[in-house]
Amino acid sequence: MSLVAGIDSSTQSCKVVIRDAGTGALIRQGRAAHPDGTEVHPDAWWAALNQAVDQAGGLDDVAAASVAGQQHGMVCLDADGAVVRPALLWNDTRSAGAATELIDDLGGGDRGRRAWADAVGIVPVASFTLTKLRWLARHEPAEAARVAAVCLPHDWLTWRLGGAHDLDALRTDRSDASGTLYWSARTNEYRHDLLELGFGRRLAVPRVLGPTEVAGTLPGGVPLGPGAGDNAAAALGAGARPGDVVVSIGTSGTVFVPTDAAPNDPTGTVAGFADATGRFLPIVVTLNAARVLDAAARLLGVDHEGLSRLALSAPAGADGLVLVPYLEGERTPDRPHATGAVHGLTLRTSTPAHLARAAVEGMLCALADGLDALVRQGARTNRIVLVGGGARSEAVRRIAPEVFGLPVLVPPPGEYVADGAARQAAWVLSGGDEPPAWSTAAPQPYEADRVPRIRERYAGARDAVVDRESR
Ligand SMILES: Nc1ncnc2c1ncn2[C@@H]1O[C@H](COP(=O)(O)OP(=O)(O)O)[C@@H](O)[C@H]1O
Ligand SMILES: O=C(CO)[C@@H](O)[C@H](O)COP(=O)(O)O
């Protein structure tokens with residue numbers, strides 16, 4: 001029996017799974033927390049990775065390993081390979097102004113957005129790496145002057161695992177490269193000109209590998225796969241089939257479908273990422289998902305189970321109470337400075353149950369808006385596959401079909417991003433055109449009639465929010 005390791009360095013924690021390369025059976029696992037905040041030194045990810053690997057019984061007996069991770073985070077290295085400053089993460093919105101400037105640089109407004117979508121398949125918002133590089137160049141010129149190379153969280157961790165020091169040894173994969181604004185999933189090429197436009201000069205960047213190319217080796221010669229962005233890895237781990245829309249409720253909320261054709265959405269709502277199999281991954285991402293539930297539970301003084309029970313005890317639509325979930329600002333829609341809001345308070349709706357229900361519905365409505373955008377881009381949508389920490393909530397599982405209007409399948413709770421990385425590692429070993437077929441446990445189906453008034457009421461409320469107070 002050969003074993004493979006899959007690692008997910010996500011926003012809140014690092015998760016490691018060790019699986020049988022042939023069958024996919026779970027053998028061991030581990031996890032360790034990451035620090036809070038939207039600016040994190042990569043050394044903290046390295047420490048968590050080592051802790052999670054130790055908890056998973058080490059990597060001495062694995063035949064291959066791959067790292068997946070949160071996308072877009074700006075990891076800047078100097079000429080000696082040292083980290084220049086803590087990484088700005090995907091959910092750090094300080095570069096919102098830089099995103100607007102980059103759109104202006106290519107003609108401004110709709111023209112600028114279309115130019116970016118045509119060039120690299122995505123339109124600048126604060127999440128994407130190049131906006132962070134522009135922010136760095138403008139606000140920290142001394143640090144910017146030291147930067148010799150830029151890479152992403154999963155690239156850096158793969159490089160460290162391989163014991164490399166040389167910037168030439170940096171590797172990435174198509175899925176993560178496609179979220180930078182300086183690599184095109186459609187042409188499979190870097191746009192060094194756009195990197196220079198954003199940062200002011202060219203930088204070394206990782207070589208972009210195909211789905212089963214080797215990115216380095218662990219001590220002892222064990223191959224490291226190319227890795228992937230977390231959503232592409234989740235698609236691989238959840239075994240999404242044509243017509244399956246994956247909805248992941250983690251720190252971010254994501255809605256995506258693997259496709260053969262590159263999407264092109266000049267509004268920027270649908271990002272044209274690549275997947276981890278050589279295809280594409282049209283995706284809509286929100287900044288507010290599981291943490292909205294965390295916040296609602298905190299506000300109501302209950303745990304997740306309590307929140308779920310409360311939400312399910314209120315009527316569908318919460319008698320008109322609507323929670324707009326922009327607690328971290330928002331990326332889709334592009335409202336980086338927005339705050340959340342509660343609308344429809346009456347004596348009747350002023351109960352913990354109504355608020356709990358409104359929190360679940362509001363978070364899901366934002367994702368359902370994303371699903372509509374994917375459909376406008378031609379996505380086939382037969383059913384929802386619900387994953388991520390928030391999918392553990394019974395209320396989320398039962399309310400999701402009412403909001404999405406599609407059957408919802410919930411695979412057994414698991415670490416689908418780490419599983420996708422493990423499956424990629426097994427694919428590196430097996431070779432061939434397709435990843436190994438792993439048998440998966442049957443998902444739990446959830447069906448309910450669509451309740452149109454939930455989304456209608458949300459649509460009437462979602463723009464009525466105020467911006468964050470400037471600090
Ligand atoms: N039963 C539950 N109900 C609602 N949310 C949950 C539940 N269990 C975990 N979560 C939340 O899920 C989030 C973690 O999910 P995860 O997918 O691991 O996130 P990430 O990949 O962004 O680190 C946390 O915010 C956690 O509080
Ligand atoms: O920004 C994106 C994708 O565009 C996020 O998916 C991040 O990659 C982090 O995801 P989680 O840690 O919430 O899974």
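Order of listing sets the numbers, starting from 1, for every ligand and every atom in it. Treat the numbers as computed from the prediction; the structure is a model and nothing was measured. Numbering of residues begins at 1 and proceeds along the displayed sequence. As a basis for the values below, the full set of heavy atoms in this structure was taken, side chains included, without hydrogen atoms, waters or symmetry mates.
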Participant: Taking atom CG of Asn188 as the centre, does the number of heavy atoms from other residues, nucleotides or ligands within less than 6.0 Å exceed 12?
Facilitator: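 For Asn188, atom CG is crowded (more than 12 foreign heavy atoms under 6.0 Å).
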Participant: So Trp135 and His139, would you call those rings parallel, tilted or perpendicular, with 30° and 60° as cut-offs?
Facilitator: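 Because their plane-to-plane angle is under 30°, the rings of Trp135 and His139 count as parallel.
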Participant: In terms of residue, atom name and distance, what is the protein heavy atom nearest to atom 8 (O) of ligand 2?
Facilitator: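 Here the closest protein heavy atom is Gln71 N, 2.7 Å.
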Participant: What is the closest protein heavy atom to atom 22 (O) of ligand 1, and at what distance does it sit?
Facilitator: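 In this structure, atom 22 (O) of ligand 1 has Thr251 OG1, 2.4 Å as its nearest protein heavy atom.
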Participant: Is there any N or O on Lys15 that sits under 3.5 Å from an N or O of ligand 1?
Facilitator: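 Right, the criterion is met.
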Participant: Can you tell me the protein heavy atom closest to atom 13 (O) of ligand 2 and the distance?
Facilitator: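 For atom 13 (O) of ligand 2, the nearest protein heavy atom comes out as Ser252 N, 2.7 Å.
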Participant: Does CZ in Arg398 sit with more than 12 non-hydrogen atoms of other residues, nucleotides or ligands closer than 6.0 Å?
Facilitator: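 Result for CZ/Arg398: open.
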Participant: Determine whether the side chain, the backbone, both or neither of Asp294 has a heavy atom under 4.0 Å from any heavy atom of ligand 1.
Facilitator: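 Only the side chain of Asp294 comes within reach of ligand 1.
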Participant: Considering both backbone and side-chain atoms of Asp8, is one of its nitrogen or oxygen atoms within less than 3.5 Å of a nitrogen or oxygen in ligand 1?
Facilitator: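 In this structure, Asp8 places no N or O atom under 3.5 Å from an N or O of ligand 1.
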Participant: Considering only protein heavy atoms, which is closest to atom 4 (C) of ligand 1, and at what distance to one decimal place?
Facilitator: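 Result for atom 4 (C) of ligand 1: His304 ND1, 3.2 Å.
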Participant: May I ask you to list the atoms of ligand 1 that are less than 4.0 angstrom from any heavy atom of Gly388?
Facilitator: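 Close to Gly388: 17 (O).
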Participant: Between Asp118 and Arg191, does any side-chain N to carboxylate O distance fall below 4.0 Å?
Facilitator: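 Not counted as a salt bridge, because no side-chain N and carboxylate O are separated by less than 4.0 Å.
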Participant: Is there any N or O on Glu415 that sits under 3.5 Å from an N or O of ligand 1?
Facilitator: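 Min N/O separation from ligand 1 is not below 3.5 Å for Glu415.
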Participant: Give me the residue, atom name and distance of the protein heavy atom closest to atom 24 (C) of ligand 1.
Facilitator: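 Of the protein heavy atoms, Gln12 NE2, 3.6 Å lies nearest.
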Participant: Taking atom CD of Glu305 as the centre, does the number of heavy atoms from other residues, nucleotides or ligands within less than 6.0 Å exceed 12?
Facilitator: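 No, CD of Glu305 has 12 or fewer neighbouring heavy atoms, counting only those of other groups under 6.0 Å.
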Participant: Does any N or O in the side chain of Arg174 come within less than 3.5 Å of the main-chain N or O of Ala274, such that one atom is a donor and the other an acceptor?
Facilitator: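 It does not hold such a pair.
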Participant: For atom 1 (N) of ligand 1, what's the nearest protein heavy-atom neighbour? Residue, atom name and distance, please.
Facilitator: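 Minimum-distance protein heavy atom for atom 1 (N) of ligand 1 reads Arg392 CB, 3.5 Å.
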Participant: Using 4.0 Å as the upper bound for N to carboxylate O, is an ion pair formed by Lys15 and Glu415?
Facilitator: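 Salt bridge flag = yes for Lys15 with Glu415.
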Participant: Of the protein's non-hydrogen atoms, which lies at the shortest distance from atom 17 (O) of ligand 1, and what is that distance?
Facilitator: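 In this structure, atom 17 (O) of ligand 1 has Gly389 N, 2.9 Å as its nearest protein heavy atom.
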Participant: Look at atom 12 (O) of ligand 2 and say which protein heavy atom is nearest, naming residue and atom and giving the distance to 0.1 Å.
Facilitator: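 For atom 12 (O) of ligand 2, the nearest protein heavy atom is Thr11 OG1, 2.4 Å.
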Participant: Under a 4.0 angstrom heavy-atom cut-off, which atoms of ligand 2 come close to Ser10?
Facilitator: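 Matching atoms, with element in brackets: 12 (O).
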Participant: Of all the non-hydrogen atoms in the protein, which one sits nearest to atom 13 (C) of ligand 1, and at what distance?
Facilitator: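 For atom 13 (C) of ligand 1, the nearest protein heavy atom comes out as Ala290 CB, 3.5 Å.
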Participant: Of Ser10, Ala295, Ala33, Ala391, which has the heavy atom at the shortest distance from atom 21 (O) of ligand 1?
Facilitator: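 Comparing heavy atoms across Ser10, Ala295, Ala33, Ala391, the nearest one to atom 21 (O) of ligand 1 lies in Ser10.
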Participant: Could you tell me whether Arg171 and Glu213 have a side-chain N and a carboxylate O separated by less than 4.0 Å?
Facilitator: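 Judged by the 4.0 Å cut-off on N to carboxylate O distance, Arg171 and Glu213 do not form a salt bridge.
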Participant: Hey, which of Thr180, Leu195, Val75, Leu181 is the one that makes side-chain contact (heavy atoms from CB on, under 4.5 Å) with Thr129?
Facilitator: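 It is Thr180, the one option of Thr180, Leu195, Val75, Leu181 that forms the side-chain contact (heavy atoms from CB on, under 4.5 Å) with Thr129.
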Participant: Which atoms of ligand 2 have any heavy atom of Phe273 under 4.0 Å away?
Facilitator: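 The list of qualifying atoms is 4 (O).
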Participant: Below 4.0 Å, non-hydrogen atoms only: which portion of Asn231 touches ligand 2? Side chain, backbone, both or neither.
Facilitator: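 The answer is the side chain of Asn231.
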Participant: Can you say whether the rings of His72 and Phe128 are parallel (under 30°), tilted (30 to 60°) or perpendicular (over 60°)?
Facilitator: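 Perpendicular.
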Participant: Under 3.5 Å between some N or O of ligand 1 and some N or O of Arg31?
Facilitator: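 For ligand 1, there is no N or O atom that lies under 3.5 Å from one belonging to Arg31.
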Participant: Taking 4.0 angstrom as the limit, do Arg357 and Glu402 come out as a salt bridge?
Facilitator: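 Looking at Arg357 and Glu402, the cut-off is met.
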Participant: Below 4.0 Å, non-hydrogen atoms only: which portion of His72 touches ligand 2? Side chain, backbone, both or neither.
Facilitator: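 His72 to ligand 2: side-chain contact only, backbone stays beyond 4.0 Å.
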Participant: Would you call Arg455 and Asp372 a salt bridge, taking side-chain N to carboxylate O under 4.0 Å as the test?
Facilitator: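 Yes, this pair counts.
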Participant: Assess, by modelled atom type and distance only, whether the side chains of Trp427 and Thr277 contain a donor and an acceptor separated by less than 3.5 Å.
Facilitator: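 The answer is no; no qualifying pair exists.
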Participant: Below a 4.0 angstrom heavy-atom separation, can you tell me which part of Asp230, side chain or backbone, both or neither, approaches ligand 2?
Facilitator: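 It is the side chain that touches ligand 2; the backbone stays farther off.
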Participant: Would you mind running through ligand 2 and noting each atom that sits below 4.0 Å from a heavy atom of Thr251?
Facilitator: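 Those of ligand 2 that fall under 4.0 Å from Thr251 are 13 (O).
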Participant: Backbone, side chain, both or neither: what part of Val285 comes under 4.0 angstrom of ligand 2, heavy atoms only?
Facilitator: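 Only the side chain of Val285 comes within reach of ligand 2.
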Participant: Taking atom CZ of Arg114 as the centre, report whether more than 12 heavy atoms of other residues, nucleotides or ligands fall under 6.0 Å from it.
Facilitator: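 For Arg114, atom CZ is not crowded (no more than 12 foreign heavy atoms under 6.0 Å).
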Participant: Determine whether the side chain, the backbone, both or neither of Arg331 has a heavy atom under 4.0 Å from any heavy atom of ligand 2.
Facilitator: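 Within the 4.0 Å criterion, Arg331 contacts ligand 2 through side-chain atoms alone.
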